[in-house]
There are 2 protein chains.
Amino acid sequence: MNKRVTIADVARTAGVSMMTVSRVVNDSGPVSESTRQRVLLAVGELGYRPSGLARGLATRRTATIGLVVPDVANPFFAGVAKGVEQIAYAEGYNVFLGNTGEDPEHELTLLQSLEEKRVDGLILCSSRLPEADLRQALQWHGATVLVNRQLEGFGAVLVDDQRGAIALVEHLLSGGRRRIGMLAGPETSHSCRLRLLGYDSVLQEAGMQRRQGWMLRCAPDVAGGRQGAINLLQAYPELDALLCFNDLVAVGALQAAAELGRSVPDDLAITGFDDIPLAALMTPPLTTCSVPVFDLGDQAMRLLLEQIGGCDEGCERIVLAPELVIRGSAP
Amino acid sequence: MNKRVTIADVARTAGVSMMTVSRVVNDSGPVSESTRQRVLLAVGELGYRPSGLARGLATRRTATIGLVVPDVANPFFAGVAKGVEQIAYAEGYNVFLGNTGEDPEHELTLLQSLEEKRVDGLILCSSRLPEADLRQALQWHGATVLVNRQLEGFGAVLVDDQRGAIALVEHLLSGGRRRIGMLAGPETSHSCRLRLLGYDSVLQEAGMQRRQGWMLRCAPDVAGGRQGAINLLQAYPELDALLCFNDLVAVGALQAAAELGRSVPDDLAITGFDDIPLAALMTPPLTTCSVPVFDLGDQAMRLLLEQIGGCDEGCERIVLAPELVIRGSAP
DNA sequence: TAAGATGGTGTTAGCGCTAACACCGATCAA
DNA sequence: TTGATCGGTGTTAGCGCTAACACCATCTTA
């Protein structure tokens, strides 16, 4: 690994000034065809690769955005990431994908290091930070868009979680279920709060307040769902339906039900949320609420681009509608 | 968004030189306790965040490594990523996760942009690039470790794919299957080549050459597996087993089998590879070959650290053993 | 007491790049 | 003719940070 080739080396080789090389490389400003060729030749010969660090320092742009998610292994976020990337790459931006592992502390350090990298923008999915910490962490960032979370003054792309939960619970009620438990997600999850709200409101309206204890929180993944369902079903065997925070949790619940000898859907109905690809593949396939994940990412990136563009219009709030998907786990 | 706070602002506020601020912020060199406090106060007051760009330019280190995978949504790579991240964060490195979407061209531009970002190291998983392109793309990179792919002169962490495939095929044979088809992955996949080799070698030894056409390539995901299986099974209904490139393909095949009215495992055995979490959750659960994904990432990062450390010992090749996992889809 | 070591601080000179302007000859309109 | 305009090129001055050294008090040690 010899010393890196710099723009000065190229300039010397091609017999022009550094500025001219810069013009050729970035296609900015006029350069005669013959010098352009000479420069490109030198670039190829030497294997010159401009330093993004130096360029970023000089231009105050890095052509990079940060995308922070709680769990890359969750297909939900993988979908969002695809949406973001598609637009980003088309616009010449790189995407720096960061994984917090559902850990707020890690989320904080990640946000900090993205700030030090001087990313041009930030998309933050389902932040698990308390509001005060979140606001503090974002105050020095430039363009920022939140996904699945809102915060006064920031652009956001959201799902109408409450409506989704309402649809699911109403569906369960119409299927004759009366003792509906809920496996909720993290307390700091904005989506979870809204889904709980929806759940409660339907029960209230039907004149059947939620029984104390029928709601249990668990980690928003398969293992968490399994353990949560076991705990919940052993404590309250009378439950005839489980409204799960998301599909992964529902998959865990499905597993737990099998282990406990409860048959789904006859004996116990189970619903998820998100409609990840896996949902349709389970036995029985999951009744869930489909969320347009790709659009979430896509819209978030568009909003971010507006903010970066500076037209100050990127702070709106976009709400996407989820859609009830009825399958075998709760027909 | 006011002008950014720089080290000079902090120095002025604290009444010291920039160098002293730098010493405090990086904890390098001696500083008296009283000035340290004064500087930290100023840092907090102004909300100073050092510029990684400027620092990287000055130190020639970015404390960042690049991790390139073909598909973040594949739990296999999510597992590898977790392994990499754990070690990386412990050692103070950030991980820049890049997704090629199985597209070689995108892979090239990604590698290029990582080079421009001057990452300190690169972990490249299951590269889909032809050998010549790959070598060319890596020649200017510093420390590099490959996962699931080998290339003369580069450190690599591999799975003994051939042995894994052999174990699977022998298991199928011992279960009485005689007409074993294969749903293979991309031609450029190193793992795929080895698994094919294993498959052929067992058949050869058993004196039963693979029938022309019993091998079909498909995209290495659920949709690809489903379509591939439909094509293969319609062309060769006599097949009594399907050796799938990976678990996602096997899941697709499972779907296809159901659609075509073939019962698994009675009528048709199906095997996967990787043992992603989903594999155990299918109905029937997948017989597969378990790969220690977390270790793959973990070892790759260790190797990379050795290379970065410069002890020149990071170019070994580490081969991890897969393990046959027998479940319902091929008992 | 002179010669060194040590802790604490500042100065200088880049790292590799580009914004902004300056310059020069050629072309063009009035 | 004069001045304006424009394509093509170079010069200067940073962007924000740190390596390397210089400096000056103290404090050792023989």
Side-chain angles (χ1 to χ4, degrees), chain A residues 1-40 42-43 46-64 113 115-120 140 142, chain B residues 1-40 42-43 46-64 113 115-120 140 142:
Chain A
M1 202 178 26
N2 335 331
K3 228 167 142 287
R4 285 217 89 99
V5 179
T6 76
I7 202 172
D9 301 324
V10 178
R12 203 173 317 113
T13 305
V16 297
S17 73
M18 299 194 324
M19 207 48 225
T20 300
V21 176
S22 172
R23 287 197 183 94
V24 172
V25 170
N26 300 301
D27 202 18
S28 61
V31 180
S32 78
E33 194 47 34
S34 67
T35 31
R36 152 172 273 105
Q37 291 306 331
R38 223 158 4 111
V39 170
L40 288 178
V43 166
L46 302 177
Y48 169 66
R49 233 6 125 226
S51 158
L53 299 179
R55 179 184 284 165
L57 195 57
T59 60
R60 297 139 170 288
R61 290 194 60 242
T62 52
T64 302
S113 79
E115 192 183 337
E116 294 187 358
K117 298 221 149 46
R118 298 294 190 260
V119 292
D120 293 336
W140 296 107
Chain B
M1 202 176 29
N2 334 333
K3 229 168 139 287
R4 284 217 91 99
V5 179
T6 76
I7 202 172
D9 302 323
V10 178
R12 202 172 319 113
T13 306
V16 296
S17 74
M18 298 193 326
M19 206 48 223
T20 300
V21 177
S22 173
R23 286 195 183 99
V24 172
V25 170
N26 300 302
D27 203 18
S28 62
V31 180
S32 79
E33 194 47 33
S34 68
T35 29
R36 154 172 272 107
Q37 291 307 332
R38 227 164 354 119
V39 169
L40 288 178
V43 166
L46 302 177
Y48 169 65
R49 230 13 118 224
S51 158
L53 299 178
R55 178 184 284 164
L57 195 56
T59 60
R60 297 137 169 288
R61 292 194 58 241
T62 51
T64 301
S113 81
E115 191 184 338
E116 295 187 356
K117 298 223 148 46
R118 299 294 191 258
V119 291
D120 293 336
W140 296 105

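The phosphate of C/dG16 (OP1 or OP2) has no side-chain N or O of A/S51 nearer than 4.0 angstrom. Not one side-chain nitrogen or oxygen of B/T6 sits closer than 4.0 Å to the OP1 or OP2 atom of D/dG16.
No donor-acceptor contact under 3.5 Å links the side chain of B/R60 to the base of C/dG16. Judged by atom type and distance alone, A/R49 does not reach the base of C/dG16 through any side-chain donor-acceptor pair under 3.5 Å.
Atom P of nucleotide D/dC15 and atom CG of B/D9 are separated by 11 Å, given to the nearest angstrom. One interatomic measurement links the two molecules: CG of A/L46 to C1' of C/dG16, which rounds to 15 Å at whole-angstrom precision. Protein atom CG of A/L53 is 9 Å distant from nucleotide atom C1' of C/dG16, rounded to whole Å. One interatomic measurement links the two molecules: CE of A/M19 to P of C/dA20, which rounds to 10 Å at whole-angstrom precision. Computed from coordinates, the B/I7 CD1 to D/dG16 C1' distance equals 8 Å when rounded to whole Å. One atom, CZ of A/R61, and another, P of C/dC17, lie 17 Å apart when rounded to the nearest Å. With rounding to whole Å, B/N26 atom CG is found 12 Å from D/dA19 atom C1'. Counting to the nearest Å, the P atom of C/dC15 and the CZ atom of A/R55 are 18 Å from each other.
Of the candidate nucleotides C/dT9, C/dG16, D/dC17, C/dG16 has the atom nearest to the side chain of A/A54. For A/P30, whose side chain is taken as the heavy atoms from C-beta onward, the closest listed nucleotide among D/dT18, D/dC15, D/dT9 is D/dT9. Among C/dG16, D/dG10, C/dT9, the nucleotide with an atom closest to any side-chain atom of B/S32 is C/dT9. Counting only heavy atoms from C-beta on, B/L57 has its side chain closest to D/dG16 among D/dG16, C/dC17, C/dG10.
For the pair A/S22 and B/T20, both in contact range of DNA chain C, the more 5′-proximal nearest nucleotide belongs to B/T20.
Ion pairing of A/R60 with A/D120 is absent here, as no side-chain N (NZ or NE/NH1/NH2) approaches a carboxylate O to less than 4.0 Å. Between B/R49 and A/E115 there is a salt bridge, since a side-chain N of the basic residue sits under 4.0 Å from a carboxylate O of the acidic one.
Using a distance-only test at 3.5 Å, with no hydrogens or angles considered, a donor-acceptor pair links the side chain of A/T59 to the main chain of A/R55. Side chain of A/R38 to main chain of A/A14: a donor-acceptor pair is present (N/O by atom type, distance under 3.5 Å, no hydrogens or angles).
Heavy atoms of A/T35 sit under 4.0 angstrom from primed sugar atoms or phosphate atoms, though from no base atom.
Counted by atom type alone, A/K117 and B/T62 present zero donor-acceptor pairs between their side chains at under 3.5 Å.
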